[in-house]
Amino acid sequence: MSKRKNPSDNNNLNADFCEFLMELSDYEKNVSRNIHKFNAYKKAASVLASHSKRIQSGEEAKKLNGIGEKISKKIDEFLNTGKLKKLDDIHNDENAQIISLLTRVSGIGPVKAADLLNMGIKSIEDLRNNKNKLNHHQIIGLKYFEDFEKMIPRSEVRELENVITKEIKNLDPQFTITICGSYRRGRSESGDIDAQVTHPTLKLGDNKNKCHEKLLKNIIMALKGCITDVISMGETKFMGVCRLSNNHPFRRLDIRLIPKEQYYCAVLYFTGSDVFNKNMRSHALEKSFTLNEYSLRPIGVTGIPGEPVQIESEEEIFDYIDYPYQKPEERNM
DNA sequence: AATAGCCAGTT
DNA sequence: AACTGGC
């Protein structure tokens with residue numbers, strides 16, 4: 001997933017509240033480094049975004065799950081004054097603004113940003129003059145700072161999908177490739193490209209003989225026409241940069257090699273959305289199953305998960321837990 | 001009390 | 001090997 005904020009829902013009646021809550025959420029993550037406040041603001045924004053009525057008061061908002069006393073008061077302040085003192089203070093805090101800027105570079109998180117600020121680095125230009133203070137990932141993030149903030153039109157993801165699929169199939173037609181993320185959910189634009197790849201011979205136990213250590217490397221080699229940089233490269237996961245043509249921006253590309261028996265759980269998981277996954281996982285629990293990116297396992301009376309259920313398609317996962325099948329386009333929540 | 005595991009880099 | 005930072 002990318003660093004970019006989720007695009008705001010176009011029929012969100014509470015979009016103005018969501019906007020300030022998301023801004024507070026970013027501040028808590030990047031500047032205060034309080035992950036729990038970050039999650040709390042995000043949850044509040046998300047419940048307001050999916051609320052079908054315009055909220056008229058803090059009191060009304062408080063009835064929603066995830067909105068308590070503090071956020072309720074902020075909604076009242078915003079309704080009464082059109083702004084938030086806390087947010088104004090943040091906007092006037094030069095250091096907070098610098099940290100927020102630096103964390104927009106891929107590879108720079110809250111800790112590194114504070115560290116850089118301590119060393120007197122206050123702008124993207126300062127970063128460009130101090131590349132020696134950055135690791136490989138951060139240098140790539142800086143190099144493509146502007147491009148990585150651009151959304152990718154669906155048509156471009158589709159073209160990249162065609163190129164990637166063609167080159168990998170050319171290596172071996174038995175490969176299966178699925179571009180997941182928001183693209184698979186039918187969105188008109190995406191933040192990055194998230195490809196899952198499997199092969200009939202790619203079995204779980206094979207990790208030992210390391211036969212697929214080379215497999216991912218071969219795939220990356222086959223894609224050298226569009227891959228321009230490697231951020232990281234392990235046995236199962238590639239993170240890097242690709243470009244469709246000289247006329248296109250550079251795009252973030254992740255490729256995962258998944259064993260066959262985990263493929264559909266992985267495709268389901270990486271298609272999201274986050275909220276959909278959470279809902280589906282909790283439904284699975286009600287049906288005494290535990291679901292993650294690797295497997296679906298029944299939970300016995302002892303409470304201990306059993307052996308993974310054998311899965312041959314995404315639909316089967318829904319069937320097993322008696323959850324109505326939802327097409328990827330219906331999972332945008 | 002609050003999603004989780006992979007990868008890179010450091011100690 | 002354990003830990004940190006980022007995704």
Side-chain angles (χ1 to χ4, degrees), chain A residues 1-6 25-26 28-47 65-68 70-71 99-100 102-118 131-142 144-145 148-149 180-182 190-197 204 207 212-213 216-217 220 229-241 251-259 262 265-266 268-285 290-297 305 333:
Chain A
M1 216 165 322
S2 82
K3 281 195 171 192
R4 216 171 296 87
K5 285 179 236 173
N6 295 330
S25 146
D26 276 354
E28 295 297 346
K29 181 181 68 175
N30 296 327
V31 185
S32 308
R33 283 187 256 170
N34 187 328
I35 193 72
H36 302 305
K37 285 190 179 184
F38 158 73
N39 281 325
Y41 281 123
K42 225 170 45 143
K43 186 178 176 189
S46 136
V47 71
N65 186 271
I67 300 188
K70 298 269 204 45
I71 293 178
I99 289 176
S100 297
L102 297 179
T103 54
R104 283 164 53 195
V105 176
S106 177
I108 298 184
V111 174
K112 182 69 185 185
D115 186 34
L116 290 163
L117 176 62
N118 262 335
K131 293 209 185 73
N132 59 324
K133 296 186 169 58
L134 303 179
N135 68 24
H136 177 67
H137 182 169
Q138 294 153 351
I139 288 169
I140 302 288
L142 179 62
Y144 300 119
F145 179 70
F148 286 176
E149 295 212 323
C180 295
S182 55
S190 304
D192 56 13
I193 294 140
D194 193 356
Q196 320 302 318
V197 179
L204 205 47
N207 298 34
H212 63 298
E213 180 179 338
L216 189 53
K217 284 200 182 88
I220 302 313
D229 299 81
V230 177
I231 290 172
S232 68
M233 172 84 187
E235 279 179 37
T236 61
K237 189 169 81 171
F238 162 87
M239 290 170 65
V241 185
R251 308 300 196 181
R252 277 279 294 110
L253 170 68
D254 290 349
I255 302 177
R256 286 186 192 76
L257 255 190
I258 319 264
Q262 298 182 341
C265 287
L268 177 72
Y269 180 88
F270 289 111
T271 298
S273 68
D274 292 356
V275 174
F276 171 82
N277 285 348
K278 222 171 139 185
N279 292 346
M280 185 156 172
R281 287 198 301 262
S282 69
H283 179 90
L285 278 177
T290 173
L291 175 63
N292 62 18
E293 75 180 272
Y294 306 111
S295 63
L296 176 69
R297 287 170 298 167
M333 32 203 16

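Letters go in sequence order (proteins before strands), and every chain restarts at 1. Small disclaimer: the values here were computed from a predicted structure and weren't measured.
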Count the heavy atoms of every other residue, nucleotide or ligand shown that sit under 6.0 Å from NZ of A/K278, and state whether that count exceeds 12. no
Closer than 3.5 angstrom, by distance alone: can the side chain of A/S46 be matched with the main-chain N or O of A/K42 as a donor-acceptor pair? no
On a heavy-atom basis, which atom in A/S100 and which in A/V31 lie closest, and how many Å separate them? OG-CG2, 4.0 Å
Quick one, give me the B/S/- string for nucleotides 2-11 of chain B, reading 5' to 3', where B means a protein heavy atom under 4.0 Å from the base and S means that only happens at the primed atoms, P, OP1 or OP2. BB-SBSSS--
Separation of C/dG5 atom C1' from A/N30 atom CG, nearest Å, is 13 Å
Separation of C/dG6 atom P from A/I99 atom CD1, nearest Å, is 11 Å
Same-atom distance (P) from B/dA2 to C/dC7, integer angstrom: 24 Å
Just so I know, are the side chains of A/D229 and A/Y144 near enough to count as touching, which here means a heavy-atom distance under 4.5 Å? yes
Can you name the closest pair of heavy atoms from A/S182 and A/G191 and give their distance? OG-N, 4.5 Å
